[in-house]
Amino acid sequence: MLDVGETAPDFVLLKDTGESVSLDELLTDGALILFFYPADFTPGCTAEACGIRDIYPDIKAANASVVGVSPQGIETHQRFKSTYHLTFPLLADPQKVVIKRFGVNGPMGFG
């Protein structure tokens with residue numbers, strides 16, 4: 001994981017909409033909560049994403065945004081978002097390039 005005060009590495013990934021987005025673009029709206037999770041539709045990851053969904057209005061009220069990153073492709077992300085009514089973007093990192101750059105790739109897919 002990144003250390004406190006360490007600059008986050010920039011990246012470009014595909015959103016669940018199929019559009020590419022960079023970290024710099026995501027930060028243009030202000031503070032960003034970037035969360036990494038191993039897989040769509042697993043019990044723990046579903047609970048995490050739904051928990052974030054449930055507090056999303058409070059996050060937006062604090063002028064922040066949320067983006068999730070996992071190794072699944074955009075098609076799986078689209079189904080996951082639709083099934084659980086997620087209101088924030090999910091980014092696809094199938095090669096785990098960004099996941100590894102942020103130091104969050106571990107034995108179960110998380111650090």
Side-chain angles (χ1 to χ4, degrees):
M1 251 171 43
L2 298 179
D3 292 326
V4 174
E6 189 175 350
T7 301
D10 195 21
F11 60 79
V12 176
L13 291 174
L14 287 180
K15 295 194 296 187
D16 52 83
T17 59
E19 303 167 84
S20 63
V21 66
S22 70
L23 178 60
D24 285 341
E25 290 170 318
L26 292 168
L27 290 170
T28 60
D29 292 333
L32 174 68
I33 297 169
L34 183 65
F35 78 97
F36 294 86
Y37 64 103
D40 296 329
F41 297 105
T42 61
C45 296
T46 299
E48 177 183 33
C50 289
I52 293 169
R53 175 205 61 206
D54 294 347
I55 63 167
Y56 191 67
D58 296 327
I59 293 168
K60 292 305 286 180
N63 295 316
S65 57
V66 175
V67 176
V69 179
S70 82
Q72 281 69 51
I74 60 174
E75 297 83 12
T76 303
H77 284 341
Q78 290 168 345
R79 288 194 320 272
F80 189 53
K81 274 186 75 167
S82 176
T83 300
Y84 294 103
H85 310 287
L86 304 179
T87 53
F88 46 84
L90 301 176
L91 307 182
D93 187 13
Q95 305 304 316
K96 296 186 175 183
V97 173
V98 174
I99 291 166
K100 290 174 183 174
R101 288 182 72 198
F102 275 76
V104 292
N105 187 45
M108 298 294 289
F110 49 90

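- Side-chain atoms of P38 and C45, non-hydrogen and from C-beta on, do get closer than 4.5 Å to each other.
- A 4.5 Å side-chain heavy-atom check between Y37 and T46 finds every atom pair outside the cut-off.
- Between L13 and the choices V69, L26, L23, the side-chain contact (heavy atoms from CB on, under 4.5 Å) rule is met once, by V69.
- The minimum heavy-atom distance between R53 and H85, with the atom names listed, is CD-O, 3.2 Å.
- Distance CG/D16 to OG/S82: 10.5 Å, rounded to 0.5 Å.
- Among all heavy-atom pairs drawn from Q95 and K100, the shortest one is O-NZ, 4.4 Å.
- Cluster annotation: L14 and L91 are assigned to distinct hydrophobic clusters (Ile/Leu/Val/Met/Phe/Trp/Tyr, side-chain heavy-atom contacts under 4.5 Å, transitive).
- For E6, the CD atom is densely surrounded, since the number of other residues' heavy atoms within 6.0 Å is greater than 12.
- The aromatic rings of F41 and F80 stand perpendicular to each other, their planes meeting at an angle above 60°, with 30° marking the opposite boundary.
- Under the 4.5 Å side-chain heavy-atom criterion for grouping Ile, Leu, Val, Met, Phe, Trp and Tyr, V12 is not connected to V97 through any hydrophobic cluster.
- In plain terms, the two heavy atoms of R101 and D10 that are nearest each other are NH1-O, 2.8 Å.
- Every pair tested for salt bridge (charged side-chain N to carboxylate O under 4.0 Å, His left out) that includes a residue from residues 30-39 fails, sequence neighbours excluded, so the list is empty.
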Inset, instruction - For I74 and K15, run side chain to side chain contact (heavy atoms under 4.5 Å, CB included): C-alpha distance rounded to whole Å, both residues' side-chain angles, the deciding distance at 0.1 Å, then the answer. - result: CA-CA 7 Å; I74 60 174; K15 295 194 296 187; over 6 Å; no
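- Here the straight-line distance linking atom CG of L32 with atom OG of S65 works out to 4.5 Å at 0.5 Å rounding.
- The minimum heavy-atom distance linking K81 with P89 is given by the pair NZ-CA, 4.2 Å.
- Residue pairs that meet the salt bridge (charged side-chain N to carboxylate O under 4.0 Å, His left out) test with at least one member in residues 62-78, sequence neighbours left out, do not exist here.
- Here the straight-line distance linking atom NE2 of H77 with atom CG of D40 works out to 5.0 Å at 0.5 Å rounding.
- The distance from atom CZ of F36 to atom CG of D93, rounded to the nearest 0.5 Å, is 7.5 Å.
- Rounding to the nearest 0.5 Å places CD1 of I99 at 6.5 Å from OG of S70.
- Ring-plane geometry between F88 and Y56 is classed as tilted, the angle between the planes lying from 30 to 60 degrees on a 0 to 90 degree scale.
- Residues L34 and F11 have side chains in contact (heavy-atom distance under 4.5 Å, counting atoms from C-beta outward).
- Atom-to-atom distance recorded for I59:CD1 and I33:CD1 is 4.0 Å, nearest 0.5 angstrom.
- The two atoms that bring A39 and Q72 nearest to each other are CA-OE1, 3.0 Å, heavy atoms only.
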